[in-house]
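Notes to accompany the following structure.
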Amino acid sequence: MLDLAIVGGGPAGLTAGLYATRGGLKEVVMFERGMPGGAITQSSEVENYPGIAEVVSGMELMENWPKQCMRFGLKHEMAEVSRVTRNDDGTFGVHLSNGERQDAYAVIVATGGTPRRAGFKGEEDFLGRGVSTCATCDGFFYKDKEVAVIGGGDTALEEALYLAKICKKVYLIHRRDKFRAAPSTVERVKATPNIEMILNCVPEEVYGDQMGVQGLKIKNRETGETIDLKVPGVFVFVGYDVNNGVLKQEDGSFLCEVNEWGQVVVDLSMCTSVPGLYAAGDVRIEAAKQVVCAAGDGATAALKAIEYVEEKKG
Ligand code: FAD
Ligand code: NAP
């Protein structure tokens, strides 16, 4: 029986592992399907992690995190978790995709989320090099420059408003002429002089070179006209999938409470609606989707898990 199972090895999972092991838990395993580091390793430039004064890549930022955790006894099992279940005695079953299973007194779910892709040419190639899914992360790189935002939901419009405060101009590109976003948000966007709405248009291709993006070609769905926007930054906000699959039970229900967008409901201690089960980082409600916040969540969850496991074991 593990003291603690951590699902996911991004900033939240790694920090949970550090605090749990350094805080005294002995058998702590972090199940991560790939190399530890998480979503930030896709970024070529990070300049908002406190204490790191220079601009570093996500890989560089995360390089030492696993080493630090392992020093205190965290074990990393490179395996995908397919499901977490609750046993009759209140402990948990961690089911792996390879058919194996491990039991644990407590579980921290730190599986993050996945921004959806719009599916245009070059989108994947330039991700982290001019194509972004995070205005808080990358907006500042385009200070006083022109950028494009793709999407017509609340996220796209709210992020366009955020970017408009930093950038010279924001082209908001939406495939229809009606927005999903709240009417009040649409009005705020319309009232912002440096946001230009380009409606009924779909992105076709982002292009550039080794240095990054140089422009975005979009196509008007009604006229067939192609427009070439010479922007160095393209922000894609076409939906977001919370990685909550491990909490799905055989009958389709979730092990703990999730909200209408699939985000795991937690309190300020990262406790879910099920005792001994915690969620940390981008998978939880109200996540700021920042490395520093995910790390903080991981620490908070681990501190609570230590208390819980010690009490459970007596
Ligand atoms: P993640 O980092 O997403 O980690 C989750 C981990 O769980 C992943 O490693 C995944 O492989 C693993 N996992 C998922 N499901 C399973 C499973 N079933 N079994 C096993 N493992 C599983 N933030 C900033 O603060 N500053 C920035 O400049 C910045 N730039 C960014 C640039 C890019 C291109 C991207 C994509 C994100 C950026 N972010 C930035 C956001 C930041 O990366 C996230 O907020 C942060 O990584 C969230 O951490 P997390 O641990 O919650 O989740
Ligand atoms: P969303 O509401 O699903 O909107 C996605 C947008 O992207 C839609 O306008 C969609 O166009 C467009 N889109 C999807 N696929 C595309 C593609 N391949 N190419 C071009 N455009 C594409 O997603 P979201 O904005 O991330 O919001 C998710 C949920 O969170 C929503 O329920 C939202 O209300 C909520 N949210 C709320 C707040 C808030 O209340 N403050 C803030 C953020 C998010 P169509 O409209 O044509 O489908």
Side-chain angles (χ1 to χ4, degrees), residues 6-16 30-50 52 55-58 61-62 77-84 94-97 108-120 123 127-129 131-141 150-159 173-182 184-185 200-203 218 236-247 259-263 279-284 287-295 297-298:
I6 298 166
V7 188
L14 284 162
T15 311
M30 181 183 77
F31 297 92
E32 164 57 59
R33 59 187 169 197
M35 293 306 288
I40 193 64
T41 58
Q42 295 166 32
S43 176
S44 56
E45 289 179 309
V46 185
E47 65 174 3
N48 62 0
Y49 193 78
I52 307 286
V55 181
V56 292
S57 71
L61 179 70
M62 298 311 293
E77 192 166 328
M78 202 188 277
E80 184 175 61
V81 173
S82 54
R83 183 171 295 153
V84 177
V94 178
H95 306 258
L96 307 183
S97 296
I108 297 175
V109 175
T111 42
T114 314
R116 287 191 201 140
R117 306 282 187 253
F120 53 90
E123 183 182 20
L127 192 70
R129 296 194 301 123
V131 173
S132 172
T133 54
C134 176
T136 317
C137 312
D138 299 328
F140 197 78
F141 295 121
I150 296 161
D154 280 307
T155 308
L157 271 68
E158 287 180 8
E159 301 298 280
I173 298 147
H174 181 35
R175 63 185 178 185
R176 294 188 294 141
D177 61 1
K178 300 258 175 324
F179 289 97
R180 271 176 205 276
S184 59
T185 311
N200 296 314
C201 281
V202 286
I218 58 173
V236 182
F237 302 111
V238 296
Y240 186 83
D241 295 315
V242 177
N243 295 335
N244 59 19
V246 299
L247 295 167
N259 70 7
E260 58 183 309
W261 301 309
Q263 300 157 340
D282 288 5
V283 74
R284 72 154 167 100
K289 301 199 181 78
Q290 294 293 288
V291 174
V292 65
C293 304
D297 282 5

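As the structure lists them, so they are numbered: ligands from 1, and atoms in each ligand from 1. All figures in this text were calculated on a predicted structure; none of them were measured in a lab. Positions are given from 1, in the same order as the sequence printed here. Scope of the values below: all heavy atoms of this structure, side chains included, with no hydrogens, waters or symmetry mates.
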Original post:
Rounded to the nearest 0.5 Å, how far apart are CG of N48 and OG1 of T136?
Top reply: 8.5 Å
**OP:** Ignoring hydrogens and angles, tell me if any N or O in the side chain of E32 forms a donor-acceptor pair with the backbone of G34 under 3.5 Å.
**Re:** yes
**OP:** Look up atom CZ in F179 and atom NE2 in H174, then write down how far apart they are to the nearest 0.5 Å.
**Re:** 5.5 Å
Original post:
What does the list of residues with a heavy atom under 4.0 Å from ligand 1 look like, ordered by chain and number?
Top reply: G8, G9, G10, P11, A12, F31, E32, R33, G38, A39, I40, Q42, S43, V46, N48, A79, E80, V81, A110, T111, G112, C137, V246, G281, D282, K289, Q290, V291, A294
**OP:** Would you kindly say whether N243 and T114 are connected by a side-chain donor-acceptor distance under 3.5 Å?
**Re:** yes
**OP:** Return the protein residues near ligand 2 (heavy atom under 4.0 Å from any of its atoms), ordered by chain and residue number.
**Re:** A118, G151, G152, G153, D154, T155, E158, H174, R175, R176, R180, F237, V238, G239, W261
**OP:** Hey, could you give me the SG/CD distance between C137 and Q290, rounded to the nearest 0.5 Å?
**Re:** 4.5 Å
Subject >> With sequence neighbours excluded, residues passing side chain to side chain contact (heavy atoms under 4.5 Å, CB included) with R129 >> reply: S44, F126
**OP:** Rounded to the nearest 0.5 Å, what's the gap from CG on D138 to OG on S43? Could you check?
**Re:** 5.5 Å
**OP:** For R180, check salt bridge (charged side-chain N to carboxylate O under 4.0 Å, His left out) against everything at least two apart and list the hits.
**Re:** none
Original post:
Quick check: does any side chain N or O of N244 sit under 3.5 Å from a backbone N or O of L247, one acting as donor and the other as acceptor?
Top reply: no
